[in-house]
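Data block below; observations after.
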Amino acid sequence: MRPSVQLWYISTDVFPAVFSTKFIQHEIIGGYSHLFTVQGSDPQLMPYMLLAHMDVVPASQEGWHVPPFSAKELDGFIYGRGTMDNKNSAIGILQALEFLLRRDYRPRRSFYIGIGHDEEVSGHKGAMKIAALLKARGVKLSFLLDEGSVILDGFLEGIKNPVAVIAITEKGSITANFSVEKEQGHSSVPPKETSIGILAAALSRLEQNPMPNLFGHGPEIMILEHLASEFRFPLNLIMTNLWLFSPIVSRILEQKPSTNALVRTTTAITMFSAGIKSNVIPPSAKATVNFRIHPSQKVEEVLEIVQNTIADDRVKIHLQEAFDPLPISPWDNHAFGVQIFRRTLLDVFPDVSSVAPGICIGNTDSRHFTNLTDAIYRFNPLVFKPDDLPRVHGLNEKISVEGYEKQVEFLYQLIQNSDINKLPEPHANSHEL
Ligand SMILES: CCCCCCCC/C=C\CCCCCCCC(=O)NCC(=O)O
Ligand SMILES: [Zn+2]
Ligand SMILES: [Zn+2]
């Protein structure tokens, strides 16, 4: 089956300078993905990489203010599937580069642009192949920037200003298929339990018994530690004394889905199918459950908890895909990428008062690049309010025109800021960055 991508916008017509510049090489990888190699003028500087993807999850035709693939503009917003996840980055990166090239800019530091075509189905044919190709060419990266976190505005009770959260790891994942088989028969003489009843009860046990709250066992605590001074009194005192207050804070965080996802391995029953006719005892019931693994756990440990919670041998478990949480990227004054992001945020988003390390609660193509660098960061320069979160993979995904322009500006500055060969001095102003 062909992936659901539109390729027309990555073309010579739309980005003439990108495609005609001598020091830029363009390759198609895996049939649809793009790899651009931008050769900098100083080969001594270690290259970096910008990553994005152009494939999207499906969109229902109902419930949208405009058709989901029309990219129509309404009240200052561009609506459409992929406007936040992640065509905004794919086009934004190329547009920033196009602008720079038109101003005769030649970067000093080389960089790669990878635009995958199958991120939403694990990136095995796109990003994974790009990573393998770069590895075979002996490439090492100073840092890599992908999607995965944003500038949060109004997510945390008690913080007034928008804060940029750059994910330094991402959760692991298990996609498991559960099934129960039972003898088919006449519905007038039903057994005590059907395959549907057995499977539904097992899944209900999984939902009713969430995985343990692991706040404080992984890097999620760093978000609050870094943002402590942003909280109003007395929350700032609580956040600066998490050694004492973490039991209370962990209970508060688990109340909302967006913060619950930070403190535990989550369990989402995403597919269920069973039954063939209203008067036939169903021969089988099947379900798919997607777990996103907290950074302090591993696949094995989660599977053991699942087995013990279900505690029913009639329920068979088949793993579709499973991988551990990703390594934690450096976050200190020597982390080149982090310093570049800070400086660029300060340049472009003066309202952002803090930059904190965080966790990507979903998964990204960047996880295929761990052989090329230990400095993998997931961050999209978009200001997110709480009602934006359900739009990702949901209805009425949209980006404001101003927000998209800011994204391009961020990338435009980031490319230039990355050209320095040593870490910048901290800015001498009152800004908290
Ligand atoms: C301190 C408050 C934390 C709030 C946490 C919510 C922040 C949400 C920020 C961005 C959300 C969306 C990005 C997730 C990227 C996932 C990309 C994707 O869809 N990959 C496929 C997959 O995971 O299945
Ligand atoms: Zn995405
Ligand atoms: Zn997505």
Ring centres under 6.0 angstrom apart (F143, Y377) = no
Under 6.0 Å between ring centres, would you say that holds for H26 and H34?
-> yes
Smallest separation among heavy atoms of [X] and [Y], with atom names:
| X | Y | result |
| --- | --- | --- |
| A127 | H368 | CB-CD2, 4.0 Å |
| V280 | S187 | N-CB, 4.1 Å |
| I223 | I359 | CD1-N, 4.3 Å |
| I130 | I115 | CD1-N, 4.4 Å |
| N88 | Y404 | O-CE1, 3.6 Å |
| A59 | P68 | CB-CB, 3.6 Å |

Which is it for H117 and S33 under the side chain to side chain donor-acceptor pair (under 3.5 Å) test, yes or no, and what are the steps along the way?
-> CA-CA 5 Å; H117 73 274; S33 288; 2.6 Å; yes
Measure the spacing between [atom1] of [X] and [atom2] of [Y] and express it to the nearest 0.5 Å.
| X | Y | atom1 | atom2 | value |
| --- | --- | --- | --- | --- |
| D13 | F19 | CG | CZ | 10.0 Å |
| D324 | K298 | CG | NZ | 4.5 Å |
| N177 | Q320 | CG | CD | 4.5 Å |
| S418 | M46 | OG | CE | 13.5 Å |
| E147 | M84 | CD | CE | 11.5 Å |
| I310 | I198 | CD1 | CD1 | 12.5 Å |

Validation row: [X], [Y] side chains within 4.5 angstrom (heavy atoms):
| X | Y | answer |
| --- | --- | --- |
| L414 | L145 | yes |
| F36 | L94 | yes |
| D351 | I151 | no |
| N396 | Y79 | yes |
| V150 | L152 | yes |
| Y112 | L141 | yes |
| S195 | E181 | no |

[X]/[Y] ion pair, N-O < 4.0 Å:
| X | Y | answer |
| --- | --- | --- |
| K385 | D388 | no |
| R264 | E254 | yes |
| D419 | R109 | no |
| D312 | R314 | yes |
| R137 | E27 | yes |
| K182 | E193 | no |

Any donor-acceptor N or O pair under 3.5 Å, side chains T309, N209 = no
Check: T364/E170 side-chain N/O donor and acceptor closer than 3.5 Å | yes
Which residue pairs pass the salt bridge (charged side-chain N to carboxylate O under 4.0 Å, His left out) test when at least one of the two sits in residues 395-410, sequence neighbours left out?
-> R81-E397
If only atom types and distance count, is the side chain of [X] paired as donor or acceptor with the main-chain N or O of [Y] below 3.5 Å?
| X | Y | answer |
| --- | --- | --- |
| E98 | V18 | yes |
| S149 | V165 | yes |
| R292 | T266 | no |
| S70 | P67 | yes |

Angle class for the F99/Y412 ring planes (parallel below 30°, perpendicular above 60°, tilted otherwise)?
-> perpendicular
Check the angle between the aromatic planes of F111 and Y48 and answer parallel, tilted or perpendicular using the 30° and 60° thresholds.
-> parallel
Is it true that, when you exclude [X] itself, more than 12 heavy atoms of the residues, nucleotides or ligands shown sit nearer than 6.0 Å to its [atom1]?
| X | atom1 | value |
| --- | --- | --- |
| K160 | NZ | no |
| E304 | CD | no |
| Q255 | CD | yes |
| D75 | CG | no |
| Q25 | CD | yes |

For the pair I238 and I248, evaluate side chain to side chain contact (heavy atoms under 4.5 Å, CB included) and give the outcome as yes or no after the intermediate values.
-> CA-CA 9 Å; I238 292 178; I248 305 171; over 6 Å; no
